[in-house]
Amino acid sequence: NLYCRGACDDKGQTMLVFKALESLMAVDGTLPVNVRVLIEGEEEAGGESIDSYVRTYPDRLKCDTAFICDTHMPSKDTPALICGLRGIIYTEVEVRGAKHDLHSGSYGGVAPNPLHTLAIIITGLKDAEGHIHIPGLYDKLRESTEQEKAFWRDDPLHIEKSLLEEMGVSQLTGEAEHPALERIWARPTLEVHGIVGGFTGEGAKTVIPAVAKAKISLRLPPDLKSDEVFTLFERRVKELAPAGVEVTVHNVHGGESVLVPIDTPPMQAASAALKETYGKEPVCIREGGSIPIAALFYEILGVPVVLMGFGLPDDNLHAPNEKYSLSQFFKGVRTVARFLQNMGK
């Protein structure tokens, strides 16, 4: 394995595409198709620059298909093409009470407490069973196909068991009336990423903070647009806030979901390449994460998007000891080279 920050997400995967291009040039002296390479380093911060670039200069990016190597496989023996990604809104909820921090002995019982307010807001947004209480959020949810529902219910790849092992927990949380795979791939989710405010150092300090903030995001399945959901989220947050505090909801960044047709020639070319490398037909599955540029390519360029990556479930994305399998790296090089050759035919 290679170990470093971004080893799998997404330095290693970007590099294997370059090695595939380099290999084809070394062997054939040319590429089987015309290729434009577009790289950006701001995805985790919202990708504003590339969004602006694609919308401003679509003519520079005319193509027959867009290929993105930023996804994973269920296991090292199960190749996959990703047919769906969720969108996202990432927010910061800021609560302000008094004009400065206060002593809880002198003011406790009468002073507004921004940390208490955040607790009230967060518990009002999502209950213990994983249901999100934002009016209007579920109104536009797209009905999934019976084939997908059967896959989620039957879990033939035993992904639910793998999730338990990867996380090191005894049971999964969330909406028990929906299969685990549906919850992580096709349902809206709301997660709190961090809370700051008040005194967090060693020892004791009886302070009522003047300001507290929480980072909160929602993942959005198809037909839930990020700007519309942010409006619903902001309205609900302010409804939940008690009197005596000032609440501001910041829209840090957002991105849209995408569902990719699996019967396009580029997807068939990718499927054939994966089958040749791994010796079996790839599965077509969704991922719960968000790659906003995929939806942007689909919308602005109007071309099929091939989401084919070689990450593994235990690669520890965004965590300590993130890794990338060298075996997957070299299989990825071979697969991408074959995919491009298939496209050339």
Side-chain angles (χ1 to χ4, degrees), residues 2-26 30-73 80-82 85-88 90 252-258 260 266-267 269-270 273 287 289-312 315-318 322-326 328-341 343-344:
L2 296 170
Y3 289 89
C4 74
R5 180 168 176 81
C8 176
D9 183 23
D10 194 46
K11 295 173 185 171
Q13 307 230 62
T14 301
M15 193 63 189
L16 74 82
V17 176
F18 280 116
K19 299 308 290 186
L21 297 173
E22 182 183 73
S23 300
L24 286 168
M25 290 294 293
T30 186
L31 297 176
V33 290
N34 295 320
V35 174
R36 291 188 176 98
V37 178
L38 185 62
I39 302 176
E40 59 100 8
E42 296 178 343
E43 186 212 9
E44 302 299 346
E48 292 183 9
S49 299
I50 198 168
D51 185 280
S52 175
Y53 182 85
V54 173
R55 294 182 186 279
T56 304
Y57 304 108
D59 289 346
R60 297 182 184 179
L61 301 172
K62 284 183 177 179
C63 59
D64 297 308
T65 190
F67 167 57
I68 297 173
C69 189
D70 188 17
T71 53
H72 83 292
M73 295 167 32
L81 288 168
I82 304 304
L85 296 164
R86 290 187 294 188
I88 187 173
Y90 194 102
V252 179
H253 66 76
E256 308 308 323
S257 62
V258 65
V260 180
M267 286 287 274
E287 275 194 2
S290 307
I291 306 177
I293 192 65
L296 189 66
F297 284 154
Y298 197 64
E299 173 195 353
I300 301 299
L301 304 183
V303 296
V305 179
V306 174
L307 293 157
M308 180 172 65
F310 305 90
L312 296 175
D315 280 337
N316 294 329
L317 309 188
H318 295 198
E322 182 173 341
K323 71 171 180 65
Y324 197 42
S325 161
L326 285 170
Q328 287 293 99
F329 178 87
F330 290 114
K331 286 180 178 178
V333 172
R334 290 195 291 273
T335 304
V336 173
R338 181 61 72 197
F339 164 63
L340 293 172
Q341 288 175 329
M343 287 295 295

Only one of T65, V306, V305, L307 passes side chain to side chain contact (heavy atoms under 4.5 Å, CB included) with M267; say which it is. V306
May I ask you to decide if the ring planes of F67 and F339 are parallel, tilted or perpendicular, using 30° and 60° as cut-offs? tilted
Please determine whether the number of non-hydrogen atoms from other residues, nucleotides or ligands lying under 6.0 Å from atom CD of E48 exceeds 12. no
What do the steps show when you test V336 against F310 for side-chain contact (heavy atoms from CB on, under 4.5 Å), and what is the final call? CA-CA 10 Å; V336 173; F310 305 90; 4.2 Å; yes
Identify the two heavy atoms, one from [X] and one from [Y], that lie closest to each other, and give their separation to 0.1 Å.
| X | Y | value |
| --- | --- | --- |
| A337 | A20 | N-CB, 3.8 Å |
| V33 | M343 | CG1-C, 3.8 Å |
| K331 | T335 | O-OG1, 2.7 Å |
| T56 | S52 | OG1-O, 2.6 Å |
| C8 | E322 | N-OE2, 3.1 Å |

Just how far is it from atom CG of L301 to atom NZ of K62, taken to the nearest 0.5 Å? 10.5 Å
For the residue pair E42 / S49, report whether a side-chain donor-acceptor contact shorter than 3.5 Å exists. yes
Could you please spell out the steps behind the side-chain contact (heavy atoms from CB on, under 4.5 Å) verdict for D315 and H72? CA-CA 9 Å; D315 280 337; H72 83 292; over 6 Å; no
Any chance you could lay out the side-chain contact (heavy atoms from CB on, under 4.5 Å) test for V258 and E299, step after step, and finish with the verdict? CA-CA 9 Å; V258 65; E299 173 195 353; over 6 Å; no
